[in-house]
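Structure, as structure tokens:
This structure is a prediction, so every number in the text was calculated from the model and none was measured. Residues: numbered from 1 along the sequence shown.
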Amino acid sequence: MSRRNTEQENWITHLLSLSRMVYLFPAEFKDIGGGKWGYINEKGTFVLPPKYEMARDFQDNGLAIIQLNNLTGIINTDGYFIVKPKYETISPFSEGRATAIDDKVFKVLDESGKEITSKAYSFIGDYKEGRAVAANTNENGEYLYGYLNKRGNEVIPLAYENASDFQDGKALVKMKDGNYALIDLTGKILYSYSYPFVDDYGEGMLAFRKSNDGKWGYMDESGKVLIEPQFMGTQPFVAEKAIVNVENNHYGLIDRQGKYIIKPQYSSLINLGENRYALGKAQDPGRPYLFQKYAIADANGHIYTGFIYNGVSNYKDGIASAYNEEMTFFIDQRGQRMDHLPKVQGSGTLVFDKSLVKGDIDLRILYFDKKGKLVWKQNTIIPLKEDYSVTENKFKPNKDYLVYYPQLTGIGSQESVNQTLKELSGVKAIPQHTQLESSYSGDFDVSFYKNNLVVLEINGYDYPFGAAHGMPVKKYAHIDLKTGRFYQLKELFKQEADYVKVISKIIGEQIKNDEQYSYVFPDTYKGIKSDQPFFISEGELNIYFEPYEIAPYAAGFPTFTIPFQDISSIIDNDGDFWRSFH
């Protein structure tokens with residue numbers, strides 16, 4: 001048989017294997033204990049059952065990153081562990097390598113799951129052109145950056161104050177003396193620059209500032225100034241063009257000579273890829289961070305649509321997704337709706353994902369076939385026992401206000417209970433077409449269920465527009481299914497017991513002796529309140545505090561767990577609360 005015929009047969013075999021390939025898609029199933037992720041096939045049937053706390057897409061190498069028991073690992077398409085869950089996080093694979101964090105240090109994994117770095121680092125980035133930025137601290141606690149090769153070895157020493165990813169065989173680094181340099185893949189200095197700031201390397205162009213508080217311009221790799229400093233901010237050149245902004249944070253698009261293709265008169269400008277841009281127009285020019293509408297333009301400055309979209313995704317193969325006040329849908333390169341493709345009520349993104357269309361709409365994942373038929377969506381009913389169940393309801397009165405709230409069926413005082421759950425979840429009068437000062441999103445989980453007690457965890461996040469961050473919300477409802485009664489902390493204990501004093505002392509000892517609570521602000525803990533926020537879990541009482549109350553914002557809700565056996569002397573074993581789950 002000729003070599004050509006053999007190659008043809010191999011190609012036909014490859015095509016047949018592709019036609020038989022079973023694609024898997026991450027999907028969440030809501031259950032008692034919270035949402036669990038698994039993987040469905042293109043018919044919407046779970047192939048890998050929902051048992052993970054998090055599940056990312058399968059990558060081209062047939063591997064996916066999952067989380068189990070609050071630890072991260074890697075599985076193959078058969079569900080077998082390539083890496084057992086043992087890391088804090090694992091980044092997606094890039095050039096056959098993934099970065100894992102273990103005990104707050106970074107390591108590199110190959111596709112077999114083997115750690116290929118011989119030591120730990122304070123930081124490791126994604127691989128680009130066979131190199132990954134890595135950093136460690138010196139004796140003064142200062143970060144020094146260098147590069148690893150794909151074997152995990154330091155091919156360029158950690159000697160820079162800063163370093164960028166490689167692009168076209170070159171990377172921008174900041175030297176210890178404060179100067180900047182362009183280096184090649186071996187670390188050889190190609191050019192050096194004595195400006196106080198150099199940034200945004202791309203396509204042979206670099207942005208620079210001549211003084212600490214000066215404006216930005218562009219130079220070529222040799223340091224020749226091509227565009228004099230005149231911008232308040234810059235981005236790298238992509239496809240011969242760069243996004244810049246001027247006074248009042250107005251954005252425009254320039255060519256390599258600094259000539260405006262799109263004048264700087266927009267509140268935002270987003271490169272969508274494939275020579276398409278989203279032009280942002282603030283609805284309140286004095287507060288552009290509140291809300292923008294977007295129009296579609298090309299790289300020549302031709303504007304195809306009015307400012308009609310609330311959001312637009314990147315283009316791929318000539319198609320992007322966009323959404324307005326009501327729907328999410330696909331648009332073509334001229335920004336026109338493609339009505340023959342799937343469209344969904346709500347705000348988010350749609351993307352072609354292998355053999356399906358994946359929707360990330362109003363904080364929920366949906367899958368459709370190419371004709372727009374719904375293949376899978378998350379369940380909205382969580383059965384408990386007998387005639388009891390928890391139903392998910394959606395409340396979206398405004399584009400910036402979205403709440404998924406629980407409603408119980410089959411319980412005592414059902415109407416009253418469900419009204420209380422609405423109020424706890426944030427269901428209230430919200431103006432429909434008024435621009436709000438903040439966005440709010442809310443959700444819930446059935447965190448615990450035993451006998452006649454169901455515990456609902458109600459979460460929320462309130463983000464004031466323009467703020468550095470928002471404030472999370474967490475509440476727990478402990479409900480007796482038979483009576484519809486909401487239990488309070490004090491009802492767990494004997495009437496004569498000083499539970500506040502007992503629990504305050506236990507938590508004080510935990511803060512003093514347990515290293516995991518070292519983040520608590522000194523001298524801020526003064527004990528618990530009689531109505532201290534709490535929740536029940538299997539065999540345990542959990543007491544928690546609000547962000548900033550006794551610890552920094554990053555600590556979230558500081559939570560202290562107390563086994564029931566440690567407080568058995570003050571628990572009212574004959575009380576309705578205790579007996580509801582015993």
Side-chain angles (χ1 to χ4, degrees), residues 32-34 53 68-71 88 103-104 420 424 444-460 471-481 483 485-582:
I32 298 167
E53 293 143 21
L68 198 59
N69 299 322
N70 293 318
L71 294 172
E88 294 171 32
D103 293 329
K104 298 182 180 179
T420 301
L424 286 172
F444 74 93
D445 282 313
V446 179
S447 67
F448 180 74
Y449 169 59
K450 189 174 183 181
N451 294 348
N452 295 316
L453 181 70
V454 63
V455 181
L456 301 177
E457 178 184 329
I458 296 170
N459 296 298
M471 282 298 291
V473 175
K474 182 182 287 189
K475 305 172 186 176
Y476 285 88
H478 296 72
I479 306 169
D480 190 312
L481 294 173
T483 65
R485 181 175 172 184
F486 285 75
Y487 289 115
Q488 305 302 315
L489 178 61
K490 64 182 180 181
E491 296 173 278
L492 189 61
F493 305 103
K494 298 173 181 176
Q495 286 189 354
E496 68 275 12
D498 191 350
Y499 70 92
V500 172
K501 181 179 179 180
V502 173
I503 293 174
S504 294
K505 183 179 179 180
I506 292 173
I507 293 175
E509 290 297 316
Q510 290 186 14
I511 293 173
K512 180 181 177 181
N513 300 316
D514 194 332
E515 182 64 26
Q516 69 170 307
Y517 299 116
S518 60
Y519 59 78
V520 173
F521 292 136
D523 303 322
T524 56
Y525 174 71
K526 305 297 183 183
I528 70 165
K529 304 186 292 285
S530 60
D531 59 348
Q532 185 72 32
F534 78 102
F535 62 94
I536 297 297
S537 57
E538 185 62 48
E540 298 169 334
L541 169 66
N542 303 273
I543 300 291
Y544 67 95
F545 294 80
E546 299 294 324
Y548 287 130
E549 192 175 355
I550 63 169
Y553 176 85
F557 295 85
T559 302
F560 302 87
T561 299
I562 304 171
F564 287 135
Q565 63 188 23
D566 291 355
I567 52 174
S568 59
S569 63
I570 62 171
I571 289 176
D572 184 1
N573 298 108
D574 295 320
D576 291 341
F577 191 176
W578 181 259
R579 294 179 65 183
S580 70
F581 62 107
H582 286 88

Minimum-distance pair of heavy atoms, taken over all atoms of S530 and V500:
CA-CG2, 3.7 Å
More than 12 heavy atoms of other groups within 6.0 Å of N573 CG
yes
Under 6.0 Å from the NZ atom of K529, do we count more than 12 heavy atoms belonging to anything else shown?
yes
Are the side chains of D576 and Y487 in touch, meaning some heavy atoms are under 4.5 Å apart?
yes
Mind checking the CG-NE2 spacing from L453 to H582? Nearest 0.5 Å is all I need.
10.0 Å
What's the spacing between I571 CD1 and F493 CZ if we round to 0.5 Å?
6.5 Å
Could you go through the side-chain contact (heavy atoms from CB on, under 4.5 Å) check for T559 and F535 one step at a time?
CA-CA 10 Å; T559 302; F535 62 94; 4.1 Å; yes
Using distance alone, with no hydrogens and no angle criterion, decide if N513 and E509 have a side-chain donor and acceptor under 3.5 Å apart.
yes
Is I536 close to Y476 at the side-chain level, that is, under 4.5 Å between some pair of heavy atoms?
no
side-chain contact (heavy atoms from CB on, under 4.5 Å), that's the test. Do F560 and I511 meet it? Break it down for me.
CA-CA 9 Å; F560 302 87; I511 293 173; 3.5 Å; yes
Beyond-backbone contact of F557 with P547, side-chain heavy atoms, under 4.5 angstrom
yes
Hey, does Y517 have a side-chain heavy atom less than 4.5 Å from the side chain of I550?
no
Straight-line distance of W578 CH2 to K494 NZ, nearest 0.5 Å:
11.5 Å
Mind checking the CD-CZ spacing from E457 to F448? Nearest 0.5 Å is all I need.
14.0 Å
Side-chain donor-acceptor contact under 3.5 Å, N542 with S537:
yes
Side chains of F534 and L541, heavy atoms from C-beta outward: is any pair under 4.5 Å?
yes
CD1/I570 to CG/D498 distance, rounded to the nearest 0.5 angstrom?
8.5 Å
Any non-hydrogen side-chain atom of F486 less than 4.5 Å from a side-chain atom of H478?
no
Hey, is the main chain of Q516 close enough, under 3.5 Å, to the side chain of D514 for a donor-acceptor pair?
yes
With a 4.5 Å heavy-atom cut-off, do I543 and L489 have their side chains touching?
yes
Show the numbers, then the answer: is there a side-chain contact (heavy atoms from CB on, under 4.5 Å) between L424 and F444?
CA-CA 11 Å; L424 286 172; F444 74 93; over 6 Å; no
Of all residues at least two apart in sequence or in a different chain, which pass the side-chain contact (heavy atoms from CB on, under 4.5 Å) check with F521?
T524, P552
Would you call K450 and E538 a side-chain contact if the rule is heavy atoms closer than 4.5 Å?
yes
Residue pair M471 / Y553: nearest heavy atoms and the distance that separates them
SD-CE1, 3.9 Å
Test item: Y544 side-chain N/O and K474 main-chain N/O as donor-acceptor pair under 3.5 Å:
yes
With rounding to the nearest 0.5 Å, note down the distance linking CG in D531 to NZ in K490.
9.0 Å
